[in-house]
Amino acid sequence: MTGTEHQQPEWVQEAWSQTVHKVKRTSKRIGDGFPHASVDGIYKLEPASWWTAGFWPGLLWLVYRDTKDEALKSLAESCEQQLDQVIADYYKLDHDIGFMWTLTSLARYKLLGAEDSKRRALLAANLLAARFNVQGDYIRAWNPWREGEQNAGWAIIDCMMNLPLLHWASSVTGDPRFKHVAVRHANMTLEHFIRPDGSVNHIVIFDPETGEKLEVKGGQGYAPDSGWSRGTAWAIYGMSLSYRYTADENYLNAAKRAAHFFLANLPEDHVPHWDFRLPEGVPAYRDTSAGACAACGLLLLADQVGGQESALYRKAGERILHSLYVNYGAWDSEMEEGLIVQGTSHFPEGKNIDVPLIYGDYYFAESIARLAGQRELFW
């Protein structure tokens, strides 16, 4: 990898080499599947329609970018092709269209200039924009999970990470309607999701007919007013990305506010618990995926501000990543496919607690690659 104006910490290249080695090894079994969480050391594969379907091919593209390993490229391309059926099925699509096609089609287009990937990414952007509710200025999160469920008014903080696909679509087509949707959703997020202290709501429910805010739900956090750490990480990175595309200082300031809340609540090893506001008696599992995602946002923040402020965010991101690498990395374990352990997906529902998560692995690899000199983002 190329150097940058920043001095690279000595451990970074070692961490990247370990990441490359392990991804190449685990790709022999995972192939062109869609891993989500590691169970007893083996990544459980999900359908292509699951929201995390983009993270494994995204990880493959990160490694391919550096190594030009054709086997990894072929697997990532096969994953992307499988997602065509998800578009054809349609009913299973939700707002995570952004997560899914940014790290497959958009990544391949940016790396290889592939026209079929550009077309897929633009189709995905159109489908994402179509979920925008003009009354409440929000992109609807999910379709009904079961018969009779009413969730047309639900929006979640995670969607900030889906917005870059819309900004990209406007940039390549010259059609501003995509970015208009992204900006209005981001402005809604400023108003209804990010609290004055920098903590965030996970789920906000609106009246889908009038746009009136009705309720806040805790979602994957402990409670409606708690401090879900991965939600805070989505805000740090998502708002930083929105600032990158728009230069709107409101987004930059929101990212900073979320970053300071996140950093002020980290334990001694700099890796967050799954929620920053837990009452006595509730298990305080770590969520390494929140740490990895936040680190990506902190590194981007560092590039967007100057002087000592830049150094503050960069060093904070490096501290998180170093701890993830040294204290939570499964580099020497032949019995564990995950890169980093102790992720927490959904504590309130008891799902995938204290296990590696594919999005944790992806964000760890993205941020290490960034420290090692790669400047281009797939987002």
Side-chain angles (χ1 to χ4, degrees), residues 49 51 53-54 57-58 61 77 80-81 83-143 152 155-193 206 208 211 234 237-252 254-255 300 304 375-379:
S49 58
W51 76 275
W61 283 124
E77 288 175 335
E80 179 186 0
Q81 291 162 10
L83 291 181
D84 288 349
Q85 187 59 44
V86 181
I87 288 182
D89 289 343
Y90 181 71
Y91 294 120
K92 295 180 180 179
L93 288 174
D94 57 30
H95 71 149
D96 289 321
I97 289 166
F99 277 121
M100 296 165 74
W101 276 272
T102 298
L103 297 180
T104 53
S105 296
L106 187 47
R108 182 169 178 257
Y109 175 67
K110 286 187 173 184
L111 290 175
L112 304 179
E115 193 66 25
D116 58 331
S117 290
K118 178 183 179 182
R119 186 174 62 251
R120 286 185 178 105
L122 287 173
L123 175 57
N126 274 276
L127 291 167
L128 179 58
R131 301 186 67 81
F132 185 69
N133 183 305
V134 298
Q135 292 295 91
D137 280 352
Y138 65 89
I139 294 172
R140 177 183 177 174
W142 301 300
N143 300 337
I156 67 174
I157 188 63
D158 315 42
C159 195
M160 286 303 302
M161 292 301 301
N162 293 318
L163 303 185
L165 179 65
L166 299 175
H167 286 293
W168 168 82
S170 279
S171 71
V172 297
T173 63
D175 186 340
R177 65 193 169 98
F178 300 102
K179 73 175 180 182
H180 291 332
V181 169
V183 164
R184 288 175 68 176
H185 182 94
N187 289 343
M188 177 280 301
T189 303
L190 288 176
E191 180 178 358
H192 294 299
F193 278 87
F206 300 90
W234 295 141
Y237 200 11
M239 282 295 172
S240 296
L241 286 164
S242 284
Y243 175 73
R244 177 171 174 254
Y245 278 103
T246 66
D248 187 329
E249 294 282 336
N250 292 312
Y251 303 150
L252 180 64
L300 181 56
Q304 294 171 327
R375 311 311 297 160
E376 185 177 40
L377 296 171
F378 297 152
W379 306 102

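Computed from a predicted structure; not experimentally measured.
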Checklist entry - Shortest non-hydrogen contact from F206 to M188? => result CZ-SD, 3.7 Å

Item to check | Test of ring centre spacing under 6.0 Å for W61 and Y109 | outcome: no

Checklist entry - Does the K110 side chain pair with the main chain of L377, one donor and one acceptor, at a distance under 3.5 Å? => result yes

Next on the checklist: For a quick test of reading the model, state the closest non-hydrogen atom pair linking W101 to L83 and the distance between them.
Outcome noted: CZ2-O, 3.5 Å

Item to check | Modelled atom types, side-chain donor and acceptor of D89 and Q85, under 3.5 Å | outcome: yes

Next on the checklist: When you measure from the side chain of Q304 to the backbone of S240, do you find a donor-acceptor pair of N or O atoms at a distance under 3.5 Å?
Outcome noted: yes

Checklist entry - Do the non-hydrogen side-chain atoms of I87 and L127 ever get within less than 4.5 Å of each other? => result yes

Checklist entry - When you measure from the side chain of H185 to the backbone N and O of I139, does any donor-acceptor pair fall under 3.5 Å? => result yes

Checklist entry - Between F99 and W379, what is the ring plane arrangement, given parallel below 30°, perpendicular above 60°, and tilted in between? => result perpendicular

Checklist entry - Would you say the side-chain atoms of S170 pair up with the backbone N or O of K179, donor to acceptor, closer than 3.5 Å? => result yes

Next on the checklist: So that I know where these two stand, are Y138 and F132 an aromatic pair - ring centroids less than 6.0 Å apart?
Outcome noted: no

Next on the checklist: Is there a side chain to side chain contact (heavy atoms under 4.5 Å, CB included) between M161 and T102? Walk through the geometry before answering.
Outcome noted: CA-CA 10 Å; M161 292 301 301; T102 298; over 6 Å; no

Next on the checklist: Please evaluate residues R108 and D116 with respect to the criterion salt bridge (Lys or Arg N to Asp or Glu O under 4.0 Å), reporting the C-alpha separation (whole Å), side-chain torsions for both, the decisive distance (0.1 Å), and the verdict.
Outcome noted: CA-CA 10 Å; R108 182 169 178 257; D116 58 331; 2.9 Å; yes

Checklist outcome for this item: Here the gap from R184 atom CZ to N187 atom CG, rounded to the nearest 0.5 Å, amounts to 9.5 Å

Item to check | Rounded distance (nearest 0.5 Å) linking atom CG of L122 with atom OG of S117 | outcome: 11.0 Å

Checklist entry - What are the two closest heavy atoms between I97 and R131, and how far apart are they? => result CD1-CD, 4.5 Å

Checklist outcome for this item: Of all heavy-atom pairs linking T104 and P57, the shortest is CG2-CG, 3.5 Å

Item to check | salt_bridge(R120, E80) N-O dist < 4.0 Å | outcome: yes

Checklist entry - Counting N and O atoms only, with roles assigned by atom type, does the side chain of N143 sit under 3.5 Å from a partner on the main chain of K92, one being a donor and the other an acceptor? => result no

Checklist entry - Checking side chain to side chain contact (heavy atoms under 4.5 Å, CB included) for the pair L103/F378: CA distance, chi angles, key distance, verdict? => result CA-CA 6 Å; L103 297 180; F378 297 152; 4.0 Å; yes

Checklist entry - So how far is it from L112 CG to E115 CD, rounded to the nearest 0.5 Å? => result 12.5 Å

Next on the checklist: Using the rule given for side chain to side chain contact (heavy atoms under 4.5 Å, CB included), can you reason through Y91 versus V86, listing the C-alpha separation, both sets of side-chain angles and the distance that settles it, and then say yes or no?
Outcome noted: CA-CA 9 Å; Y91 294 120; V86 181; over 6 Å; no

Checklist entry - Do you know which two heavy atoms are closest between F193 and I157, and how far apart they sit? => result CE2-N, 3.5 Å

Checklist entry - Rounded to the nearest 0.5 Å, what separation is found between the OG atom of S105 and the CD atom of E77? => result 10.5 Å

Item to check | Pairwise side-chain contact, Y251 with L190, heavy-atom cut-off 4.5 Å (strictly under) | outcome: yes

Checklist entry - Under 3.5 Å, is there a donor-acceptor pair between the R177 and N126 side chains? => result yes

Item to check | Min side-chain heavy-atom separation V183-L163 under 4.5 Å | outcome: no

Checklist entry - So, does S171 use its side chain to make a donor-acceptor pair with the main chain of W168 at under 3.5 Å? => result yes

Checklist entry - Which is it for M239 and T189 under the side chain to side chain contact (heavy atoms under 4.5 Å, CB included) test, yes or no, and what are the steps along the way? => result CA-CA 9 Å; M239 282 295 172; T189 303; 3.8 Å; yes

Checklist entry - Donor-acceptor pair, D94 side chain versus A141 backbone, under 3.5 Å? => result no

Next on the checklist: Looking at H95, is its backbone amide N or carbonyl O close enough to the side chain of N162 to form a donor-acceptor pair, meaning the two atoms are under 3.5 Å apart?
Outcome noted: yes

Checklist entry - Which heavy-atom pair separates M160 from W234 by the least distance, and what is that distance? => result CB-O, 4.2 Å

Item to check | L166 and Y245, any side-chain heavy atoms less than 4.5 Å apart | outcome: no

